[in-house]
Each structure stands twice: as C-alpha cells, then as structure tokens.
Peer 1: 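Dumping the structure here so I can ask a few things about it.
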Amino acid sequence: MTADVPFEITLTAAPATAPADTKVHSAITTPEERFLSAVGVYVQHYRSHLSKSADGSLDDHLKAHAEHAAAAAANTASADLDDEDDEEETEEMLEMDPKDWKEQDHYAVLGLSKLRYRATLDDIIKGHRRKVLRHHPDKKAAQGNANDDGFFKCIQKAFEILTDPIKRRQFDSVDPEVSTEIPNAKAKGDFFEIYGPVFEREGQFSNKQPVPQLGAMDTERAEVESFYEFWYAFDSWRSFEYLDKEDVDGGGNRDDKRWIEGKNRKERAQHKKEDNHRIRTLVDQALKCDPRMAKFKEEDKTKRNAKKNARMEEERKAAETKKAAEEAAKKAAEAEAANAEELKKQRQAAHKQLKKEQRALKVLFKNSAYFVAAGATPSAAEIGAASEKLDKIIAGIHDLDALVAARTGIEAAHAAGNGMAKVDEIIAAL
Amino acid sequence: MAAADNKTYIGLSFGTSNSVIAIINKENRAEVIANEDGEHKTPSYIAFSGEEEYHGSQAKHQFVRNAQNTILGFRDLLGKAYSNELAAAAGAEGAKVVDQDGTPVFEVTTVSEEGEETTLRLSAHDATVRYLVRLHTTAEEYLGRKIDGAVLAVPVWFTAEQKTSVRAACAAADLPVLQLIAEPAAAALMYDLGADASHDDAKDALALVVDVGGAGADVSLVGVRGGLFTVIGTQHTAEVSGDSLDGVLVKHFAGEFKKQTGIDVLDGKHARSVRKLTEAAEITKRTLSAATTAPCAVESLADGMDFNGTINRTRFDILAGRAYNPLLDAVRDVIANGGYTPAQVSQVVFCGGAARIRKLQSKVALLFPESTEIRDEVGELDEVIAAGCAEQAALIAQGAIEVDAQDAAVPVLAKPIGLQLSAEELVAVLQKDTPLPASRTVKVALPAGEKRAYLAVAEGEPVAPKDEEDEEDEEAEEKKQPLYRPSKLLAEMVLELDAADADTRVEVKFFVGTDRKLTIVATEPKSGKSIQAEVPQN
Ligand SMILES: Nc1ncnc2c1ncn2[C@@H]1O[C@H](COP(=O)(O)OP(=O)(O)OP(=O)(O)O)[C@@H](O)[C@H]1O
Ligand SMILES: [Mg+2]
C-alpha cells in the first residue's frame, strides 16, 4: 500500500464532544431470525461452531474454516502420529540456543523430521503437544532441572513458524534437509523411479494444487502432455526471505539498514532466478529422457504410416471395384445383344411358320376344290368368293396355334362334307 | 474425499417443465449429462399411446395429437389435496384430473393390442415415481454405476408437505435423497457466491436470484455472509413465465392467421390448433434468443390451411414488453421487504430457461445502479440449478457437509453495523443479515495530521440509489453515493497514538456474539497500541 493511493476508509477528525477513551451509547437492535441454507463449504463449520459457542463469545466460523482448509490443503499422506512415531531428540538439539532459531530444524524439534513438508496442521499440533508434555518447564522443575527451558523455547518457536502459513512456506522454501538436487541428465535406471520422487518433492512449491503426477509407462498421452504443460508453466511460491542477512548488531544506522535490505532483496531475486532455472532444467531433462515421448513418436509414425497404407489400400480397392463394374457392364451389354439376336431369330422363325401355315391353308382350299359340292368343278365366281374368305381368315388370325386349329377344323369339316360351313363359322368368330 | 470415496452422487433439478441431471466428473466439477434422446433437458411429461408409455420429449411431442393421454404439471400437484379449482387448473391442458379419496389423480386411457381400453389413474406421486425411475436409469446407464444418492433442488416456496412428497417419490423410485436444497441456494453455489471467504475478505454480498422457468418466475434475495447463505425473501409469480411468453406469440400469430384465412383459432373451438401453434411458438421464442428474426411454421394449422409467419426480436420485445411488469414488481417488492434498496444488491444472477431472453434481463438490470453486477455467465441457464445440486453433492462426498443437513433458523443482525464517517455516511463492516456469531475487521487510515483515531460505531439504514434522471448535479454524480447512512450511534472510541503518518493503519475488529454483545477492538499493529469497547445487550 503506497501513500499516494487514497485509502478506502479514512476516519474523520474527533469532534469536541469525543470521549477520552470509550463511551457506550446504545445496544444493537435485537437480531432477527432467518433460515440458513445448509449449502456450501462454510455452513458445517458455522453449525459446529454455534453448538460449541454456548456463551456466544467465540469468534466466528471463518477461523474454523481457515484452519480446516489449511489442514486439508497440506498433503494428507502423513500417517496418524502414534507415540511410537515419536522421535528422540539428539543431545545437540537439546543444547541448542533458542536465539539461533534460524539454524534450527523446526520439523526435527517437533519430531516430524520424516514428514517435513508433508506434515499436516494436525501432525504439527500433535507433535507439538507431545513435545510440550515432555519438555514443559514445570515438569523439568519437578525433576529438579530448574531454569532449563531452552529447548521448550525452541519447541514454541518451531510451532510458531510451522503453524503460520507464511513463515512455514519461507522455511520450507529453504529446508536444508530436503534435497534440491535434480537427477543427472545421463542417469541410468528406471525413469519413473528417478524422476517421480523429484517431481513430487518439487510439487510442494506449486501455487496450483493438486499437482499432476508423473504417472507410469501406460499413462494416457493427454495426461502426460498436460503434465509437462503444467511443469513448463510452473507457478512456484518458493521464496528466499529466510536466508536474509540480518542487521547483526541491531544498532546499525538507517543507511546501514537500507544497504542490508537492498542486498537482501537482490539476493532473494538471484535465488529465485536460479530456482526457476533449476526447475526448467529438470523439466527439459525429464522430457528428453521420458520413454513415453519416444513411444508417442513411434505411435505417431505408425499412425501416419497406417493412414498412408489405408489410403493406398483404399485407392487400390476403388480401382478394383471400378474395373469390376466396367467388366460387368460390358458383359451385360453383350448378353443383351445376344438376347436381341435370339429374339429376332425366334420372331423370324415364328413368322416363317405362320407363312407356312398360311400356305398350307391355301393349299387346303385349292385341294378341296374350294369346298364346292363333291365332284363339281368350282366356277370362277366360286373360286373368287372362296379366295376372299381365305384372305379374311389369313388377315384375321395371326396366332400360329389358332391358324393350325382353324386349318385342322376345316380339314375335318371338309372330310365330313361341310367345309364351307366351317369356313363361314371361323370368319364369323373373328 | 475420504468420507465417501466410492460413492456415486448426482445433482437433480426437478422442474415443472423440465428436469436436468448433473454428475460430478473426474475434475470434481458438475457436468450435465444427456438423456437417451441426447438432450440435457428431459421435459416433465408422460404420455400413453396404445400400450406404450412415453417420457420426456417423446411424450411432449405427442401432446398436440394426444393431449387427453398426456400428463404434465405433475410436480406441482405433489403433496396437494383435491379441489375443483386445482383440478380445473391442472387438468386444463393435458390429461383430466379427477378426485380419488381427496387426492387429485390424472386419468388416461391405454389400449391393448387386442383393442381393449383400460382407464389408468395416476396420482402426482405415481406419475413422479414413474418419471424419476426413468431419470434414475438414465443416470445409471450414463455412469455405468449404481447411484448412491442425489441432491435435489425444490422451489423455496415448497411447503413441508410438498417436500415430504418429493422425498416419498424418490424413495419409491429407489433414489436415496442426500439433501433437498432450495433452488436459489443451488444457483448461489454455481455462481460461486461467497466462495473463498476468509478473515481477510469475508466475501459479503447481497444477491438477487432471478429464475424464470416454464411455469413461473421466482425472485429470491440471498444474503451471502462469510460464505453462508440465507434466503432473505422470495416471491413467486406465475404471470411471467416461458409459457406466458409463448402465449404472447400465439396471440400474435393467431391474429396473422386470422387475417390470412378468416379462421380464428383462439375462438375456443380449436384446442388442437392452439396446441400446434403453441408448440411452434415456443421454438420461435427460443430462436429469438439467438437470432434477430425467427420463423413460425405450422402445417395444416386449421381446416387444412398451413401457417407461415416470421417475427423479429424487436417486435417480440414490444409485444412482450408489458408481460415483464409482474416480474419487475416482484423484484422491487422482494428487495424492499428485505429492508434494502437496489443499491445494496451487489449482484443479480439469472437462471431458468426463459431468463435467456435478453430483453427480460435488461429490463431487470435497469432497476439497479451501475455498481450492481448483472450475471448470467455460468453456463446454460436452465442447467444452473442441477449443476449447483451436483456441486453440493460433491461437497457431501468430500465430507464438507453432512448428509441431509437441514436449513435451520439462526439469529442474524437486524441492522448493519459500521463506522460513521459523517451524518450522511456509514461504512458497514458487519452487514445486516449476517448470522451470529460474526466478526469482521477493517483497516482505516487517520485523517491527515492526526494522531488520534476517532471511531464512531453506529448502526445504519440503506440509502436508495439516486434517480438516474436527475443528472443536473454532475459533480454529485461523480462522487460515489454512500450505501448506508447512520441511524443509531452505538459507541465512540478514541485511540491515541504516539505518532502517525499516511501509512499508519488502525485495525478495527467488530464482533457480535450470539449473546448480542458487540465488542469493538481497535489496534495499531506497529506500536501494539489497542483499545476495546463492549456494548452490552439491552
Ligand atoms: N433460448 C431460450 N430463449 C427463451 N426461452 C427459452 C429458451 N430456452 C428455454 N426457454 C424456455 O424456458 C422454459 C423452461 O425453463 P426451465 O427448464 O428452467 O423450466 P423449469 O425449471 O422446468 O420450470 P419451472 O421453473 O416453471 O418449474 C420454457 O418455457 C422454454 O421455452
Ligand atoms: Mg425452474
């Protein structure tokens, strides 16, 4: 907050009637009742808080929520601390001077040297309680060790730092017990065993949580890609105030102070830059060594090839079908032509037959002496009339079978002596 | 997610017109799923044709030709006793509603393959169970897993009987209810109101939830205080709804058709034509939310005559103009009844399918000053409530809230409490309607050259926004108008500092316990100087 930006709320000057310290005027208006929706993340804290705050004097639910959220955000991998998990203090630790708290391993002091950044708020509270029980000055006094509260002060300092989210981050940023090394670029061995723990460790500094896992050989490609995307855009809260040089003798003048401050600022920036570079190197290196990347490349290639092959196969098939279709068309045309030829032949044959039959009928007429009375010779007029009838029948019957039937009918009738009657009958039926 | 790692929970909004199912996806976010017809919304319709039973869109499509065997509006009949008026209203559109031992039941006819007719009587409960069973199956088929529970949204104005009936129907449909929540609370959750509240910023807000559905509109004023929601007031109006706007279009197109053909389909003798026209008009209305002009075509609307019309958005807005008035009245009333003016409403959030209409949104927005945020950005508006339910279900799965937590009455501040800066201005620190106990802290600067921090702690009353029209006083316009003016002085305090400059800040913490005692603590962190006052209860 700089001075040149007007601040949002600025008080007014005290009036002449203002009290020297405090003056109470009037109670608040009687509260009303409303229905609180049992919805959202806060309501549960409020409800349990309300039941605890019997005298109504407790602070509100927001604090309870903040503590809960902090505990949940911390990695929950830590196991419940049983007394067996308690760590013995080393001689060296017990003799530490609380003034040197910056050198102190806060996690070890609370017996959390294995969990470290993975310790939850709950773990810290438990560890603290356990150590306090053992090292409280009252207890020491009872054991005859009066005035021995040095380690107790160390415990309190550790607790103060580790329960303050900002201070804890500052300490975690430079925790000397947590390695900052990155694997050797040519390291031999299982990629996931080498890089997995390193990414998990570095993930603690991420502003964005949860941090994606490195995964395994069979992790989906999209997941692998988003893993690297995440790490290339890594947003770290790691900071280096904890390493600040202090104004050792405390009595430095303003110039000295300013000089130290400036130097600290520069150093913090330098450390941060180096750290960013370190992460970048780690990610570059991992990407290069990641066997899945090679696998994906290979897959891409096969996919491309498969595509190409599929295209070629398709083209070949298309050509084949085209050829087949052409052949089929040709055959069909040929068949049709043959068919037409056949039909033509049949029609010609039928025509021939019909002609033959007509001739037979003519012969019948002639041979039967045009159906005049037996033995008589037909006159020219009789021949003419019969020929006319013959023409009518020929013109009237185009069906071979019908013509044959007509002829045989006439033949039979002629044998019975009444050929002409049959001829007339047939003509009448036309 | 330790509490219920392997439980499958869903969110469900069960509306008069449509239902929507939302699941919790892998990213732990709400995601609306499609039903068998590939739609996000399942119309709340059941139809019987021959021996077959149809649900959702398939049932809705039958309504035109098979109205007497189509059941609709069953949700709002749940938990209600039979009366003639109720039967007349509920049975006006689809299947007939008759009295069965005091319970309203729908009467439909099914026909077997042999042509045998059977009368089927379904109460609202029976219809709801059949409908929920389908939805339940849809969700299970989508997820490929059994569902262990659902969070359902119901209107705020649902009575205890109506809620009991919803629970009974869910039980009969074998769908365990994790919680019934109020629709505006679900919307508040989806709009992230009060999210990330903390001591540094309690994210206090006053939100007006405007939900315009198919059958009516709900306006609810929701207090958001330190992440807690209280519904301060609510109003329902059946006059403004998706259906009533369909009616506006039907009237318009019926007029055009009459001009073209001389046939008046609104003469009371053309029920089927009206249904056809309504079906088409609804599509026209929805199209107008996306395009500036929209067609309305009905084949063989009446006496074999086709209808082909178009309308542009401006025309529709003019026709519908007055239709929004009851909604605007409801908005004004809810705010005033809650003891506020539009100026204190920090955001207006929209939901419900018909809230997509831009004119409706802008008419509501015009009631508020510019400082009020107008929001509709959380996705499809008719899916907001279902998604909110799924978010709540996710919280239950994480153990952040217990199963079947109930809304409960709590004490809230009747007036805002804050610092009086002048006779005309109060900065509210603890807002009205904040559940107790509550505390808030503000940082204040001292006036130039002063070493004494004078704190006048007072209650306040809201200041109405200035009329947009009287803009004569440009300068006054420039200056931000205070939201509250002091109404009752509670305490005065003076904190004496040894030195102060422009960077000096005093932290003032206000705390009210359930004992109604107000404690104010003012601290200057650098020097550690502090002063405290306690205002006892009456
Ligand atoms: N794009 C749109 N433009 C205008 N109106 C729309 C649009 N989409 C849907 N609607 C309307 O919204 C209404 C349905 O809204 P919604 O699905 O929210 O109703 P509901 O919640 O089931 O009903 P209710 O709230 O009355 O119980 C219908 O009238 C529909 O026509
Ligand atoms: Mg609705």
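The shown structure was predicted, so the numbers you read here are calculated from the model rather than taken from an experiment. Residue numbering restarts at 1 for every chain, and letters A, B, ... go by the order of the sequence lines.
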Peer 1: Return the option, out of B/Gly227, B/Ala188, B/Ala456, with the maximum number of heavy-atom pairs under 4.5 Å with chain A.
Peer 2: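 Maximum pair count with chain A is reached by B/Gly227.
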Peer 1: Hey, which of B/Asp433, B/Leu518, B/Leu495 has the most heavy atom pairs under 4.5 Å with chain A?
Peer 2: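 Among the listed options, the one with the most contacts to chain A is B/Asp433.
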Peer 1: Return yes when atom NZ of A/Lys153 has more than 12 non-hydrogen atoms of other residues, nucleotides or ligands closer than 6.0 Å, and no otherwise.
Peer 2: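 No, because the 6.0 Å sphere around NZ of A/Lys153 holds 12 heavy atoms or fewer from other groups.
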Peer 1: What part of B/Leu189 lies closer than 4.5 angstrom to a heavy atom of chain A: side chain, backbone, both or neither?
Peer 2: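 Contact with chain A involves the side chain of B/Leu189 alone.
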Peer 1: Based on non-hydrogen pairs under 4.5 Å, which of B/Gln420, B/Glu459, B/Met493, B/Glu496 is most in contact with chain A?
Peer 2: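 So the answer, after comparing B/Gln420, B/Glu459, B/Met493, B/Glu496, is B/Glu459.
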Peer 1: Could you grab the distance from atom CD1 of A/Ile9 to atom CD of B/Glu425, nearest 0.5 Å is fine?
Peer 2: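 Output value for this atom pair is 9.0 Å.
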Peer 1: Under 4.5 Å heavy-atom distance to chain A, tell me which part of B/Ile520 shows up: side chain, backbone, both or neither.
Peer 2: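 B/Ile520 has no heavy atom closer than 4.5 Å to chain A.
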Peer 1: For chain B, which candidate among A/Val39, A/Val41, A/Val24, A/Thr22 shows the most heavy-atom pairs at distances under 4.5 Å?
Peer 2: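 Option with the greatest count: A/Val39.
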Peer 1: Need one label for B/Arg516: side chain, backbone, both or neither, based on atoms under 4.5 Å from any heavy atom in chain A.
Peer 2: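 Both backbone and side chain.
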Peer 1: Return the option, out of B/Val535, B/Leu395, B/Val412, with the maximum number of heavy-atom pairs under 4.5 Å with chain A.
Peer 2: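 Highest number of pairs under 4.5 Å: B/Val412.
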Peer 1: Pick one of side chain, backbone, both or neither for B/Leu489, based on which atoms fall under 4.5 Å of a heavy atom in chain A.
Peer 2: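 Both backbone and side chain.
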Peer 1: Quick check: closest heavy atoms across A/Pro31 and B/Pro411, and the distance to 0.1 Å?
Peer 2: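 Here A/Pro31 and B/Pro411 meet closest at CB-CB, 4.4 Å.
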Peer 1: Among B/Pro536, B/Ser198, B/Ala197, single out the residue with the greatest number of heavy-atom pairs under 4.5 Å to chain A.
Peer 2: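 Of the options given, most contacts go to B/Ala197.
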Peer 1: Can a salt bridge be assigned to the pair A/Arg47 and B/Glu402 using a cut-off of 4.0 Å between side-chain N and carboxylate O?
Peer 2: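 Counted as a salt bridge, because a side-chain N and a carboxylate O are separated by less than 4.0 Å.
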